[in-house]
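Quick notes on the structure that follows.
These values consider heavy atoms only, across backbone and side chains, with no hydrogens, waters or symmetry-generated copies. Start at 1 with the first residue, then count along the sequence.
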Amino acid sequence: MSNIAFSRIQRECREVVTNKDLETTGIMIEMLNDQLTRMKGTINGPPDSPYEGGKFDLDIVIPENYPFHPPKVKFATRIWHPNVSSQTGLICLDILKDQWSVLFYASLPSSTVLLSVQSLLALPEPKDPQDAVVAKQKMSEPDLFEKTARFWTQHYAKGSGQKDADFLHKISKLKDMGVTEDQAISTLSCCGWDLTRATDYLFS
């Protein structure tokens, strides 16, 4: 990493730590190595969304050619969202791709990336998906999408509230068949929480 990139990352981390406005959003950055190439970002799920109350961790990798190229950011906490892969955590967000140059020349810090990801949770864009299955559910069965996203938030992101009893019952049924909990949740979610379809998919 160049001296310019190293200095910039140091400055941005100090800004995140000392910025009182960011405290209210729940945004945090933690350095994971002395070279400042690996970071852990944390965001709170936005209010009035199925992610409310959840705390989501993100893996951030700073490339050698930063800040001329964007950091690589993906969710470490599993999430049910049309613009995030439910399997890998990869994010579909323009500022992490072709729109990064706009951010760079405007001299905006890395915290803007986390704020943008947080905004994406509140305003999903199912017509430009990273996860086609989630996007289809969001558009065709919005109520089921909301329930599923909230369940994932409760289960994986320590969100508050009572978990859906029917979902828990169906997960338990698959676990009794030898399926892991994560696999049961993922398959049932993709199958619209239809236990028969999920069982057929897993064992056919």
Exercise. Identify whether Ile79 and Leu144 are in the same connected component of the hydrophobic contact network (ILVMFWY, side-chain heavy atoms under 4.5 Å).
Key: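 Result: yes, single cluster for both.
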Quiz item: Same cluster for Met177 and Ile171 if Ile/Leu/Val/Met/Phe/Trp/Tyr side chains link at under 4.5 Å?
Solution: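 Yes, Met177 connects to Ile171 through the hydrophobic network.
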Using modelled atom types only, decide if a donor and an acceptor are shared between the side chain of [X] and the backbone of [Y] within a distance under 3.5 Å.
X	Y	result
Glu30	Gly41	no
Asp59	Ala76	no
Ser172	Leu168	no
Ser189	Ile185	yes

Measuring only between side-chain heavy atoms, which start at C-beta, is [X] closer than 4.5 Å to [Y]?
X	Y	answer
Lys147	Asp164	yes
Pro50	Trp80	no
Leu93	Asn83	no
Glu125	Cys92	no
Gln118	Asn44	yes
Lys40	Thr42	yes
Val61	Thr37	no
Leu114	Ile60	yes

Quiz item: What residues form a ring pair (Phe, Tyr, Trp, His ring centres under 6.0 Å) with Tyr156, not counting sequence neighbours?
Solution: Trp152
Quiz item: Phe56: what forms a ring pair (Phe, Tyr, Trp, His ring centres under 6.0 Å) with it, not counting sequence neighbours?
Solution: none
Looking only at non-hydrogen atoms, find the nearest pair between [X] and [Y] and report the distance.
X	Y	answer
Ile91	Val73	CD1-O, 3.8 Å
Gln137	Gly192	NE2-CA, 4.3 Å
Ile62	Met39	CD1-CE, 3.4 Å
Gly54	Thr153	CA-CG2, 3.7 Å
Gln154	Ser160	NE2-O, 3.2 Å
Lys163	His155	NZ-ND1, 3.2 Å

Quiz item: What distance do Lys173 atom NZ and Leu188 atom CG have between them, rounded to the nearest 0.5 Å?
Solution: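 Atom-to-atom, Lys173:NZ and Leu188:CG are 12.5 Å apart.
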Quiz item: Got a second to check how far Ile43's CD1 is from Met28's CE, nearest 0.5 Å?
Solution: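 Here the rounded value is 11.0 Å.
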Quiz item: For Lys175, which residues count as a salt bridge (Lys or Arg N to Asp or Glu O under 4.0 Å) partner, sequence neighbours excluded?
Solution: Glu181
With a 3.5 Å cut-off and sequence neighbours excluded, list the donor-acceptor pairs that the side chains of residues 193-204 form with protein atoms.
| residue | atom | partner | partner atom | Å |
| --- | --- | --- | --- | --- |
| Trp193 | NE1 | Thr148 | OG1 | 3.0 |
| Asp194 | OD1 | Thr196 | N | 3.0 |
| Asp194 | OD1 | Arg197 | N | 3.0 |
| Arg197 | NH1 | Cys191 | O | 3.0 |
| Thr199 | OG1 | Leu195 | O | 2.8 |
| Ser204 | OG | Asp200 | O | 2.6 |

Which donor-acceptor pairs under 3.5 Å do the side chains of residues 127-136 make with protein atoms, sequence neighbours left out?
| residue | atom | partner | partner atom | Å |
| --- | --- | --- | --- | --- |
| Asp131 | OD1 | Val133 | N | 3.2 |
| Asp131 | OD1 | Val134 | N | 3.3 |
| Asp131 | OD2 | Ser86 | N | 2.9 |
| Asp131 | OD2 | Ser86 | OG | 2.7 |

Exercise. For this output row, return yes or no: ring centroids of Tyr51 and His81 closer than 6.0 angstrom.
Key: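 Yes; His81 has its ring centre under 6.0 Å from that of Tyr51.
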Practice problem: Quick one: list whatever passes side chain to side chain contact (heavy atoms under 4.5 Å, CB included) with Thr88, sequence neighbours left out. | Solution: Ser85, Leu90
